[in-house]
2 protein chains.
Amino acid sequence: MADTKDSILNASERLFAERGFDAVSLRAITTAAGVNLAAVNYHFHSKKQLLQALFTRGVQKLNRKRIALLDAYEAEHGKGPVPVEKLVRAIIEPMFDITGSLSKDSKTFSMLLGRMYSTPEVRLDPAMLSDIENFGKRFEPALRRALPGVVPEDLYWRSFFAIGATAHTLASSQLLQNLSYGLCNPDDRETTLKKLTAFIVAGLKAGSGIKQKKAGKTGTNRRGK
Amino acid sequence: MADTKDSILNASERLFAERGFDAVSLRAITTAAGVNLAAVNYHFHSKKQLLQALFTRGVQKLNRKRIALLDAYEAEHGKGPVPVEKLVRAIIEPMFDITGSLSKDSKTFSMLLGRMYSTPEVRLDPAMLSDIENFGKRFEPALRRALPGVVPEDLYWRSFFAIGATAHTLASSQLLQNLSYGLCNPDDRETTLKKLTAFIVAGLKAGSGIKQKKAGKTGTNRRGK
DNA sequence: GTCTATATGGGGATAGAC
DNA sequence: GTCTATCCCCATATAGAC
């Protein structure tokens with residue numbers, strides 16, 4: 001049985017993901033976790049630091065899985081570059097996998113993660129920072145090799161956009177079902193992953209075949225200005 | 001001159017965008033607006049409905065501009081389809097333009113809009129709904145024509161991802177500056193637009209038809225399931 | 001480590017004079 | 001329409017017994 005601390009983490013992960021940080025009171029958390037109200041402040045010192053701990057735990061789990069996938073792919077491809085498709089997959093797939101500790105709801109932390117990017121309450125603590133650095137050190141070179149035609153600046157831009165698409169998918173996938181009049185089913189994990197990966201890969205590769213979009217040649221993209 | 005109601009709208013637009021809905025008190029709003037505390041409830045009945053009004057006002061402004069742009073592009077292209085690039089541009093560009101009523105800060109509503117998608121407090125009121133419908137009725141056919149190779153289901157998926165990329169850019173562009181160690185400058189509006197448009201267009205077109213994306217050796221795009 | 005009880009403060013909303 | 005004063009609730013956080 002999870003001890004008090006873990007119960008709190010698991011309950012708050014779910015609640016924050018569902019309702020957002022401000023909308024969830026400590027009372028709601030402790031009730032859901034079956035622990036005493038004062039336990040949160042005893043174990044985490046404050047509500048903010050609880051959120052902090054939550055993210056740190058989640059991001060670490062996440063990056064461990066990502067790097068494991070990358071390791072596998074790199075082994076598979078020997079000295080050649082790992083194709084972009086697989087790199088994107090390695091980064092994104094774990095975000096749709098994380099089960100927190102509740103086996104029934106598979107998307108709790110992912111939803112929370114989707115919210116994180118627009119959650120100013122979260123500050124990067126040292127543990128999380130070093131974790132993110134490790135992640136970057138592993139994936140950046142791999143991406144560079146896989147996309148030799150994309151200059152570093154663009155690689156940042158595009159990765160940033162990719163994060164946005166992913167975060168939005170994690171946080172608001174329900175919206176898609178409405179917008180598409182039921183045509184798209186975001187609860188189908190594998191389909192979602194496939195569509196998202198295809199979109200991101202295309203965006204990352206954009207125009208990397210032949211022409212650069214720098215001033216000079218206008219190529220197919222005529223800007224009427 | 002802005003009357004009380006508008007002062008409240010403008011002040012709250014800025015504050016909500018900067019700090020988020022819950023983090024901004026009515027007292028902060030009325031102080032910033034230079035009006036009395038009770039004025040908010042007098043004019044908007046509640047804090048939630050203030051947010052509502054804010055979104056309705058913003059979305060209407062936004063869609064008016066978008067449709068005007070589309071009109072212009074369609075006139076320009078006669079009976080032929082408007083290229084995807086321009087459609088994307090017509091949708092996205094106004095989001096980076098909106099100045100609210102504060103001439104000095106150009107991104108207030110846009111940032112707020114970026115947050116909206118993960119803001120459960122917002123419910124679509126009738127005015128906003130009909131507005132969004134008009135928007136869809138104008139742009140959906142145009143997109144279909146511009147992307148004949150993309151099945152409707154995928155068009156929804158991809159538009160959804162595009163929204164995510166855009167929202168993220170609007171809401172957290174500051175993040176990019178850090179992630180890229182200063183290499184990318186998200187305050188440069190025109191560059192941001194160009195990069196974002198290129199990314200989205202590539203994602204929308206992904207694997208459609210023949211004419212684009214030859215990424216050399218990794219171009220093994222196994223389609224079909 | 002866990003609980004009860006409480007301190008302390010801020011929040012949204014309103015009543016009612018002007 | 002605008003203001004003052006206030007109500008009342010609910011939040012986080014802590015003190016101190018067990």
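The figures here come from the full heavy-atom set of this structure, side chains too, leaving out hydrogens, waters and symmetry mates. Every chain is numbered from 1, with letters handed out A, B, ... down the list of sequences.
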Between C:dT14 (C1') and B:Lys47 (NZ): distance, integer Å | 17 Å

Roughly, in whole Å, what's the span from CG in A:Leu37 to C1' in D:dA13?
-> 9 Å

Starting from P on D:dC10, measure out to CG on A:Asp22 and report it in whole angstrom.
-> 17 Å

Can you tell me how far C1' of C:dG12 sits from CZ of B:Phe44, to the nearest Å?
-> 16 Å

A:Tyr156 six-ring face occupied by B:Lys195 cation (under 6.0 Å, within 45°) = no

Between A:Phe135 and A:Arg66, is there a cation-pi geometry (under 6.0 Å to ring centre, at most 45° from the normal)?
-> yes

Take atom NZ of B:Lys48 and atom P of C:dG12, then tell me their distance rounded to the nearest Å.
-> 12 Å

Quick one: does NZ or CZ of B:Lys47 land under 6.0 Å from the six-membered ring centre of B:Phe21, within 45 degrees of the ring axis?
-> yes

Judged by atom type as modelled, is there a donor-acceptor pair below 3.5 Å linking the side chain of B:Asn178 to the main-chain atoms of B:Tyr181?
-> no

Heavy atoms, side chains only, cut-off 4.5 Å: are B:Thr4 and B:Tyr42 in contact?
-> no

Picking from C:dT4, C:dT14, D:dG1, which would you name as closest to the side chain of A:Ala38?
-> C:dT4

Answer yes or no: does a side-chain N or O of B:Asn41 lie under 4.0 Å from OP1 or OP2 of C:dA13?
-> yes

So does B:Thr4 get a side-chain nitrogen or oxygen closer than 4.0 Å to the phosphate oxygens (OP1/OP2) of D:dT2?
-> yes

Quickly, which of B:Thr169, B:Leu170, B:Leu193 forms a side-chain contact (heavy atoms from CB on, under 4.5 Å) with B:Met95? Name it, please.
-> B:Leu170

A:Phe160/B:His168 aromatic ring centres below 6.0 Å = yes

Distance check: side-chain N/O of A:Asn36 vs OP1/OP2 of C:dT4, anything under 4.0 Å?
-> yes

Expected list for residues 24-32 of chain B near DNA chain C, using heavy atoms below 4.0 Å, is B:Val24, B:Ser25, B:Leu26, B:Arg27

Could you check how far OH of B:Tyr42 sits from P of C:dA13, rounded to whole Å?
-> 17 Å

Taking only the side-chain heavy atoms of A:His45 (C-beta and beyond), determine which of D:dT14, C:dG12, D:dC3 contains the nearest atom.
-> D:dT14

